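One structure is given below, encoded as structure tokens.
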Amino acid sequence: MKLAIIGATGLVGSEILCVLDERNVAFDELLLVASERSIGKKVIFKNKQYAIIGMQEAINQQPDIAIFSAGGDTSLKFAPEFAKAGTYVIDNSSAWRMNPNNKLIVPEINGYELTENDKIIANPNCSTIQMVLALSPLHQAYKVKRVVVSTYQSVTGTGKAAVDQMNNERQGIEGDMVYPYPIDKNVIPHIDVFMDNDYTKEEMKMVNETKKILGDDTVLVTATAVRLPVVGGHAESVNVEFETDFNITEVRELLSKTSGIIVQDNVANNEYPMPLFAHGKDAVFVGRIRRDETQPNTLNMWIVADNLRKGAATNAVQIAEHILAQQLVHA
Ligand code: A2P
């Protein structure tokens, strides 16, 4: 099994290497790919030194699986070339997510949909993954009617340059800005570009990707996506109206039983999810589970996950594991 990581020097790429190591994913050969400026740079993985290679060399080597985390333009341009050579591409960008021919996969929810014909598989948006993992079992039990979500998102979701901007501001160092305003000591209600309807692209990703992953166009989502000077994970305040009523104890049980979710909800002990605790972990943490007392059949919850982990690297590696387990790649 030959595995390529495209964007291996980036924040998500580095996290993918950690996850591969921790989960002991078996491969025979590892290709680490980045932009032209990084070719030849050395990266250590499992005590072995790897030299970064360029895109064309990786395509020529025809890997079995390539995990892309190098931005949408790179995916649009190169994913089809890998796919043509027989590689399964798992793409972290938004380039292929809403294309009807490409599956949008959270393995715990719809991994079973993958077949050997799915050569470019989309990894959903980080904010969507953590929300939809909690919504999925509740949708099956009570049918989600409408979701109102506000996000509190980590700067790591923007990449290395954003973490640098925040750290520079904290140290009073002049540097490049990736956000239109300072991010330290600030909260910016603007993630990705604004669209014609005055929502941001990030917000509309949550609206559209949720329907696609749940396989239900009737699920209504309205979102406000906000960037905070935080690392470690994205947090979300989620208000969900269901078709039918629920029992709070049963909601807790359903969430606790869901693979990939940890319920962290003991307010008597001040226990609730926070990025500080989610950092570096693979799980999605759910807490502050309570009935919305202003409307029937409606629930409030607080969902936190490390956006570089389940929101990106972990989910992508789980898709790769799924491909291997289904023997779509013949070793
Ligand atoms: P490089 O380090 O050479 O710029 P982040 O989102 O954390 O900024 O990381 C982006 C990742 O995508 C980096 O590994 C970056 O490599 C890589 N990358 C950017 N453009 C390309 C490209 N055209 N081809 C391959 N990798 C790219």
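Counting convention: from 1, in listed order, for ligands and their atoms alike. Note that this is a predicted model, so its numbers are computed, not measured.
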Open item on the list: Salt bridge check, Lys2 against Asp64: does any charged N sit closer than 4.0 Å to a carboxylate O?
Closed with: no
Which donor-acceptor pairs under 3.5 Å do the side chains of residues 65-82 make with protein atoms, sequence neighbours left out?
| residue | atom | partner | partner atom | Å |
| --- | --- | --- | --- | --- |
| Ser69 | OG | Asn92 | ND2 | 2.7 |
| Thr74 | OG1 | Ala70 | O | 2.9 |
| Ser75 | OG | Gly71 | O | 3.2 |
| Ser75 | OG | Asp91 | OD1 | 2.6 |
| Ser75 | OG | Asp91 | OD2 | 3.4 |
| Ser75 | OG | Ser93 | OG | 3.3 |

Open item on the list: Checking Gln171 against Asn167: is there a side-chain donor and acceptor pair closer than 3.5 Å?
Closed with: no
Task: Arg146 to Phe242 six-membered ring, cation-pi geometry met (6.0 Å, 45°) - done: no
TODO: Enumerate the residue pairs fulfilling side chain to side chain donor-acceptor pair (under 3.5 Å) with a member in residues 125-137, sequence neighbours excluded, ordered by first and then second residue.
DONE: Asn125-Thr128, Asn125-Glu202, Ser127-Gln153, Ser127-Glu202
TODO: May I have all residue pairs that pass side chain to side chain donor-acceptor pair (under 3.5 Å) and include part of residues 261-279, sequence neighbours excluded?
DONE: Arg252-Asp265
Open item on the list: Show me, by chain and number, every protein residue that has a heavy-atom distance under 4.0 Å to ligand 1.
Closed with: Gly7, Ala8, Thr9, Gly10, Leu11, Ala34, Ser35, Arg37, Ser38, Met55, Ser69, Ala70, Thr74, Gly159, Lys160
